[in-house]
Amino acid sequence: MNRITSFEQYQQEYKHSIETPEAFWAEKAEQFTWQKKWDKVLEWNFDEPTIKWFQGGQLNITENCLDRHLETRGDQTAIIWEPNNPKDEVRKLTYKELHAEVCRFANVLKNNNAQKGDRICIYMPMVPELAIAILACARIGAIHSVVFGGFSYKSVADRIHDAGCNMIITVDSASRGLKEVPFKNIIDDALQICPSVKKVIVYKHTNENVKMVANRDVWWQDEMKKCSSNYPAEIMDAEDMLFILYTSGSTGKPKGVVHTCGGYMVYVDYTFRNVFQYNDKEVFWCTADIGWITGHSYSVYGPLLAGATTLLFEGTPTFPDAGRFWQTIDKHQVNIFYTAPTAIRSLEAAGLDFVKPYKLDSLRVLGSVGEPINEVAWHWYNKYIGKEKCPIVDTWWQTETGGIMISPIAGVTKTKPGFATLPLPGIQPALMDEKGNEIIGNNVEGRLCVKFPWPSIIRTTYGDHNRCKENYFETFKGYYFTGDACKRDEDGYYHITGRVDDVIKVSGHLLGTAEIENAIDMHPDLVESAVVGYQHNIKGYGIYAFVVCGHERKDTDLLIKEIIETVTKNMGAMARPDKIQIVKVLPKTRSGKIMRRILRKIAEGDIHNLGDTSTLLDPSVVEDIKNGAV
Ligand code: WT7
């Protein structure tokens, strides 16, 4: 498959993709296995929105991830699995083996009554079976909804409920670092409030003793024994749903972002090959959990579509020590390494003694994803990990975009510390001013939008199309709005500055402040709360919660501990506030709206310049809050 190999070629491809987008994407799509070719490349309207790519085309993405490679690379390793504990055994699956396992598990799904179009929730740690489960769902035409293993039973239950899942795939338990996560117990709790679920398939991973419910729960391994490794792929329409993935929004309710089969496949493959300049036989490692979009697109689908070897890592960057990433790179001779700024910052803070023992000479390309990378971290990554020899691709994209949108192309286009740089072919970014006009020219700043569809753009939010419309297509008419602010410098390079809505990026995880507030408010003694982000050296943003207690509690320390436990239970440990301040009242306007602008300033420690507080119902409350800042 063709790949961009020079800056001139990038410019040509870009021009072609803008002038004749349909011809451009049709050429890319030609390279896949289709059961039936499409009738029409693109039909779209951002007002509705309706976006259809490759209409009339029929395919199965797993034929393109697996079957297509059997002849040419059947014995090549598809997945390398590095377990949580480096002393445990590594597992490797060739394309042939992965194909057989996926087909066998597709039969297991069918035997357990899963049908095309069903929604299946996958709640698993980073084990090869997670990739197998995803691909088996795609093979039978069921829609997978992977929920990140860090979410609590309540968050899992909300997501199962919203998608109307009737089946769950999980494990008995797993370890992350020194922590045990009781996956099956969490599912048992979630199912107390999710009557739609009829079947739970449990992969025996740790041998932990778990309760199995008769007629509902079955063991993965037992079911696999009953099944053959032959399963002809279900034929899907290009616009049939492939998966749902929940992401946080401005309201307390997460949004089920929907991606479809054809467009997602074409875009993820194209971006994987080009951005990372993947060469045959190289080992690619994306450290993201498959519970997030990065893991879907660049741990599973992208690499497998390209016939790559992808490394899945079960553990954490700091177990058994802060050298684990670097040790793993040497151990498996990783060529392309893709991680998050928050991980880079925490490993930088751990010190060079954890880096020095390792050669890191297999590395060729480094990637960054999920949040802005500050210049200090960029230089550290470049110098100590890439040894100033590896281009760093700072990739900007979102759950909703399905694949990388703005990014350098490794070794082909220029990098600039802190900049995601240039749009990939097919992507037409636009910066908008407050009045909704597009800002033309360079050296400008605005809200980041995209003005033309690309194949893996969000199609809908599951079960609530209007929410998709309001959220992404109404702020700026005729544009997809990203929710980010962005600068375009004198050379036309893009630098994403951060979110402009009520979501915060905490260690690379997008969390809705309203969702965290809902979790906090479950504490029986609290009346209300307001959560804002503040800049944090390692996490990017930390969580600062202002809480109002219904009656006086003198045992502040205990109360704070209880609040943290409440959030862990109702949302998950990653949403735990870093700072909690108990206040008498929240600063509200006369119409009852919380003035978050003021709380943000207080959380940042910027208390001398709070701006206009005259519209507050009671401006004096600000003094109290300022004085009690933690
Ligand atoms: C938000 C999307 C990208 C997939 C994983 C996260 C922020 C993402 C960058 C980057 C600056 C970035 C944006 C975006 N973001 N990548 N390279 N530079 N900011 O997907 O959880 O949907 O989050 O992450 O704010 O809107 P997500």
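Counting starts at 1 for both ligands and their atoms, following the listed order.
- The immediate protein surroundings of ligand 1, defined as residues with any heavy atom under 4.0 Å of it, consist of Ile293, Thr294, Val369, Gly370, Glu371, Pro372, Asp394, Thr395, Trp396, Trp397, Gln398, Thr399, Asp484, Ile496, Arg499, Lys505, Leu510.
- A side-chain contact (heavy atoms from CB on, under 4.5 Å) with Trp397 holds for exactly one of Leu424, Ile293, Ile406, Thr482; it is Ile293.
- Between Phe46 and Trp44, the angle of the ring planes goes over 60°, which puts this pair in the perpendicular group of the 30/60° scheme.
- Residues satisfying the salt bridge (charged side-chain N to carboxylate O under 4.0 Å, His left out) test with Arg345, not counting sequence neighbours, are Glu371.
- A ring-centre distance under 6.0 Å is found for Phe473 and Tyr480.
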Acceptor/donor pairs from residues 379-387 side chains to any protein atom, 3.5 angstrom cut, sequence neighbours excluded:
from, atom 1, to, atom 2, distance (Å)
Tyr381, OH, Gly367, O, 2.8
Lys387, NZ, Tyr384, O, 3.2

Kindly list each side-chain donor-acceptor pair under 3.5 angstrom involving residues 257-264, sequence neighbours excluded, with atom names and distances?
from, atom 1, to, atom 2, distance (Å)
His259, ND1, Ser456, O, 3.3
His259, NE2, Thr399, O, 2.8
Thr260, OG1, Glu239, OE1, 3.1
Thr260, OG1, Arg459, NH2, 3.4
Tyr264, OH, Ser297, N, 3.4
Tyr264, OH, Ser297, OG, 2.7

